[in-house]
Amino acid sequence: MMTADEALIWGGERLRLYHFRSGGSKLIVSFDFRQTERSGFNPPDPSNTFATAGFDQLSLRVARNDWFINQETEIAERLMADIAGTYEAVQMIGYSMG
């Protein structure tokens with residue numbers, strides 16, 4: 001699996017987008033979760049289970065518990081749509097930030 005440095009495709013002050021490629025034709029999109037006392041970005045955590053099942057992984061990470069709504073949201077949305085459009089199938093998984 002790629003390292004986080006290799007997988008970082010865009011990094012703003014409040015959002016980061018990682019794309020872990022394993023050669024799959026399917027994409028799983030994951031979203032960061034709320035964390036008490038968050039102090040910046042946590043490292044991305046690609047899933048070996050998804051990679052083994054043939055999924056590439058796109059992970060949106062946050063620096064603050066802001067539900068992904070900030071001045072960088074539209075940039076991240078466009079990048080995610082562009083990447084997702086190159087896959088045969090796309091699934092998403094996330095947890096409530098509330």
Side-chain angles (χ1 to χ4, degrees):
M1 175 137 333
M2 304 170 72
T3 68
D5 287 341
E6 294 169 323
L8 179 66
I9 60 166
W10 179 73
E13 291 182 25
R14 299 184 64 179
L15 297 175
R16 287 186 184 163
L17 191 58
Y18 293 88
H19 188 195
F20 293 93
R21 297 173 189 93
S22 59
S25 62
K26 304 177 285 185
L27 179 69
I28 188 82
V29 181
S30 64
F31 299 87
D32 211 346
F33 54 89
R34 184 182 185 282
Q35 181 180 19
T36 14
E37 301 180 26
R38 178 184 290 276
S39 60
F41 292 101
N42 289 329
D45 52 355
S47 164
N48 287 330
T49 303
F50 286 128
T52 301
F55 284 89
D56 284 3
Q57 299 169 63
L58 189 60
S59 177
L60 183 61
R61 311 300 288 182
V62 294
R64 302 179 189 150
N65 293 323
D66 62 6
W67 291 271
F68 311 100
I69 307 299
N70 57 58
Q71 70 274 15
E72 298 174 353
T73 302
E74 289 183 13
I75 296 167
E77 287 174 340
R78 282 193 300 273
L79 289 168
M80 292 172 76
D82 289 346
I83 291 167
T86 67
Y87 286 88
E88 292 177 17
V90 178
Q91 296 181 6
M92 293 186 277
I93 186 168
Y95 305 93
S96 170
M97 288 187 74

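- Checked by atom type and distance alone, the side chain of Ser22 never pairs as donor or acceptor with a backbone atom of Gly54 at under 3.5 Å.
- Contact between Phe41 and Ala63 at its shortest, heavy atoms only, is CE2-N, 3.5 Å.
- The line from CD of Glu77 to CG of Asp82 is 12.0 Å long, rounded to the nearest 0.5 Å.
- A heavy-atom distance below 4.5 Å is not found between the side chains of Gln57 and Ser30.
- Interatomic distance, Asp56 CG to Phe50 CZ, rounded to the nearest 0.5 Å: 12.5 Å.
- Partner of Asp32 under the salt bridge (charged side-chain N to carboxylate O under 4.0 Å, His left out) criterion, out of Arg38, Arg64, Arg16: Arg38 alone.
- For the pair Arg61 and Asp45, the salt-bridge criterion is met [side-chain N within less than 4.0 Å of a carboxylate O].
- Contact check for Lys26 versus Gln91: no side-chain heavy atoms found under the 4.5 Å cut-off.
- In this structure, the separation between CH2 on Trp67 and CZ on Arg34 is 6.5 Å, given to the nearest 0.5 Å.
- Taking both residues in full, the closest heavy atoms of Leu60 and Ala76 are given as CD1-CB, 4.1 Å, listed atom of the first, atom of the second, then distance.
- Residues Met80 and Val29 approach most closely at CE-CG1, 3.4 Å, considering heavy atoms.
- Shortest non-hydrogen contact noted between Asn65 and Gln35 is ND2-O, 2.8 Å.
- Across every non-hydrogen atom of Tyr87 and Ile83, the tightest pair is CD1-O, 3.3 Å.
- Residues Leu8 and Leu17 approach most closely at CD1-O, 3.6 Å, considering heavy atoms.
- Within 6.0 Å of CD in Gln71 there are more than 12 heavy atoms belonging to other residues, nucleotides or ligands.
- In this structure, Leu15 and Trp10 have side chains that are in contact, with non-hydrogen atoms separated by less than 4.5 Å.
- Leu79 places none of its side-chain heavy atoms less than 4.5 Å from the side chain of His19.
- Side-chain atoms of Asn70 and Thr73, non-hydrogen and from C-beta on, do get closer than 4.5 Å to each other.
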